[in-house]
Amino acid sequence: GFIFQVASFQGVAVRSLSTSSPHDHPEHGRLVYKGNLAKTVLGVKFFSYSTSIFNLFMMPYIMLKSGIGVESLLVQAAFYGLIGIFTFVTPVTLHILTKGYVIRLYYKDEADTYTAITYNAILAEKVTVFHQKDVKIPDITKMFTTFYAKTKSMLVNPTLFPNPQDYNHLMGYDKSPFFKFEDLEE
């Protein structure tokens with residue numbers, strides 16, 4: 001009886017997983033984009049943070065064992081500088097470079113609004129809601145920015161949109177600069 005119960009429980013779990021994705025959020029609208037580097041970005045940031053914490057805890061021990069505290073002021077400054085770079089500068093730089101990486105993007109047709117999910121500094125998901133008219137494309141191609149949502153830079157990979165029309169609408173490419181739809185109705 002026990003083996004049958006485990007097998008039937010696994011069947012129910014598999015069925016419930018296939019019908020409902022952990023990324024289904026009807027309140028945000030329909031999922032139009034999913035970044036393929038989300039796990040990589042999270043992993044790299046987590047590794048960077050954990051090594052920084054490790055460095056902070058190990059610094060007093062290293063100083064005690066190596067006798068660096070007795071050396072000259074210049075050697076101390078160089079040591080603290082090097083540890084400081086790896087402890088603070090690397091995670092901060094990583095966060096600045098990846099804070100706009102869009103993990104998932106949802107779209108609500110009726111309101112013409114987008115909900116972008118990114119990672120914040122403490123590796124939690126951050127929700128940014130913006131209207132299509134808030135989207136600004138940078139004049140010069142920027143390395144870690146595809147568009148600005150109000151003032152926040154966002155990075156998406158256009159090839160990862162299952163429906164290219166969703167990308168065109170996000171960027172405003174579906175609006176002709178020569179005439180507007182309302183003009184045709186007059």
Side-chain angles (χ1 to χ4, degrees), residues 17 20-59 77-175:
L17 281 174
S20 172
S21 162
H23 305 310
D24 284 345
H25 290 281
E27 73 275 12
H28 295 326
R30 69 183 166 89
L31 183 66
V32 294
Y33 172 85
K34 193 173 169 194
N36 63 348
L37 294 176
K39 284 183 179 163
T40 306
V41 168
L42 185 66
V44 167
K45 285 175 98 170
F46 180 77
F47 177 75
S48 175
Y49 286 2
S50 57
T51 54
S52 293
I53 291 166
F54 178 76
N55 284 348
L56 283 174
F57 283 112
M58 289 305 290
M59 203 182 315
F79 177 75
Y80 288 132
L82 191 64
I83 296 293
I85 286 171
F86 288 109
T87 306
F88 300 108
V89 177
T90 306
V92 168
T93 306
L94 268 173
H95 174 66
I96 290 168
L97 296 179
T98 60
K99 70 180 179 179
Y101 183 77
V102 177
I103 307 163
R104 294 185 308 279
L105 186 68
Y106 299 90
Y107 177 64
K108 273 191 179 172
D109 294 288
E110 64 279 1
D112 201 17
T113 56
Y114 290 89
T115 302
I117 311 294
T118 55
Y119 287 126
N120 66 12
I122 57 166
L123 307 181
E125 290 188 357
K126 180 182 176 188
V127 175
T128 304
V129 179
F130 58 95
H131 195 278
Q132 196 287 320
K133 67 179 180 227
D134 297 326
V135 173
K136 303 275 182 283
I137 302 164
D139 297 332
I140 303 160
T141 306
K142 300 212 172 170
M143 197 169 195
F144 296 99
T145 304
T146 309
F147 65 92
Y148 290 100
K150 296 177 182 169
T151 56
K152 186 175 165 115
S153 69
M154 298 280 178
L155 178 65
V156 294
N157 181 345
T159 61
L160 294 179
F161 281 82
N163 181 356
Q165 190 54 43
D166 286 327
Y167 175 73
N168 290 338
H169 183 69
L170 167 70
M171 301 299 277
Y173 296 153
D174 57 352
K175 295 183 177 89

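Any value given below was found using the heavy atoms of this structure, including those in side chains, with hydrogens, waters and symmetry copies removed.
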Quiz item: Can you list the steps and then say if R104 with L31 is a side-chain contact (heavy atoms from CB on, under 4.5 Å)?
Solution: CA-CA 7 Å; R104 294 185 308 279; L31 183 66; 3.8 Å; yes

Exercise. Evaluate the salt bridge (charged side-chain N to carboxylate O under 4.0 Å, His left out) criterion for residues D109 and R30: first the C-alpha distance (whole Å), next the side-chain angles of each, then the deciding distance (0.1 Å), finally the verdict.
Key: CA-CA 9 Å; D109 294 288; R30 69 183 166 89; 3.4 Å; yes

Quiz item: Can you list the steps and then say if L94 with V44 is a side-chain contact (heavy atoms from CB on, under 4.5 Å)?
Solution: CA-CA 8 Å; L94 268 173; V44 167; 3.8 Å; yes

Quiz item: Given M171 and Q132, is the side-chain contact (heavy atoms from CB on, under 4.5 Å) satisfied, shown in steps?
Solution: CA-CA 8 Å; M171 301 299 277; Q132 196 287 320; over 6 Å; no

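Looking at every heavy atom in both residues, L155 comes nearest to F144 through CB-O, 3.7 Å. In plain terms, the two heavy atoms of N120 and H95 that are nearest each other are C-CE1, 3.7 Å. Closest non-hydrogen pair, S52 versus P91, comes out as OG-CG, 3.2 Å. Of all the heavy atoms in K136 and K133, the pair that sits closest is NZ-O, 3.4 Å. Heavy-atom minimum distance, K99 versus T118: O-CB, 3.5 Å. Between H28 and Y106, the closest heavy-atom pair is O-CB, 3.3 Å.
Although no hydrogens or angles enter the test, the distance criterion places a donor-acceptor pair under 3.5 Å between the side chain of Y114 and the main chain of L170. Listed for the Y119 side chain is no donor-acceptor partner under 3.5 Å among the backbone atoms of I103. The closest donor-acceptor contact from the side chain of T146 to the backbone of V156 lies under 3.5 Å. Checking side-chain atoms of T87 against main-chain N and O of I83 turns up a donor-acceptor pair under 3.5 Å. Between the side chain of Y101 and the backbone N or O of L37 there is at least one donor-acceptor pair closer than 3.5 Å. Counting only distance, with no hydrogens or angles, the side chain of K108 and the backbone of E27 share a donor-acceptor pair below 3.5 Å.
Expressed to the nearest 0.5 Å, how far CD1 of I140 lies from OG1 of T145 amounts to 12.0 Å. The CG atom of N163 lies 8.5 Å from the CG atom of N168; values are rounded to the nearest 0.5 Å. Here the NZ atom belonging to K152 is positioned 10.0 Å from the CZ atom belonging to F130, to the nearest 0.5 angstrom.
The closest side-chain heavy-atom distance from V32 to Y167 is not below 4.5 Å. At a threshold of 4.5 Å between non-hydrogen side-chain atoms, the residues L123 and Y49 count as touching. In this structure, the side chains of V135 and K150 stay at 4.5 Å or more apart for every pair of heavy atoms. I137 places a side-chain heavy atom less than 4.5 Å from the side chain of Y173. Looking only at side-chain heavy atoms (C-beta outward), Y148 and K142 come within less than 4.5 Å of each other. Counting heavy atoms from C-beta on, the side chains of I117 and L105 never come closer than 4.5 Å. Put simply, the side chain of T98 reaches to within 4.5 Å of the side chain of K45, judged on heavy atoms.
Atom CD1 of I122 is surrounded by 12 or fewer heavy atoms from other residues, nucleotides or ligands within 6.0 Å.
Taking the six-membered ring for Trp and the full ring otherwise, H169 and Y107 have centroids separated by under 6.0 Å.
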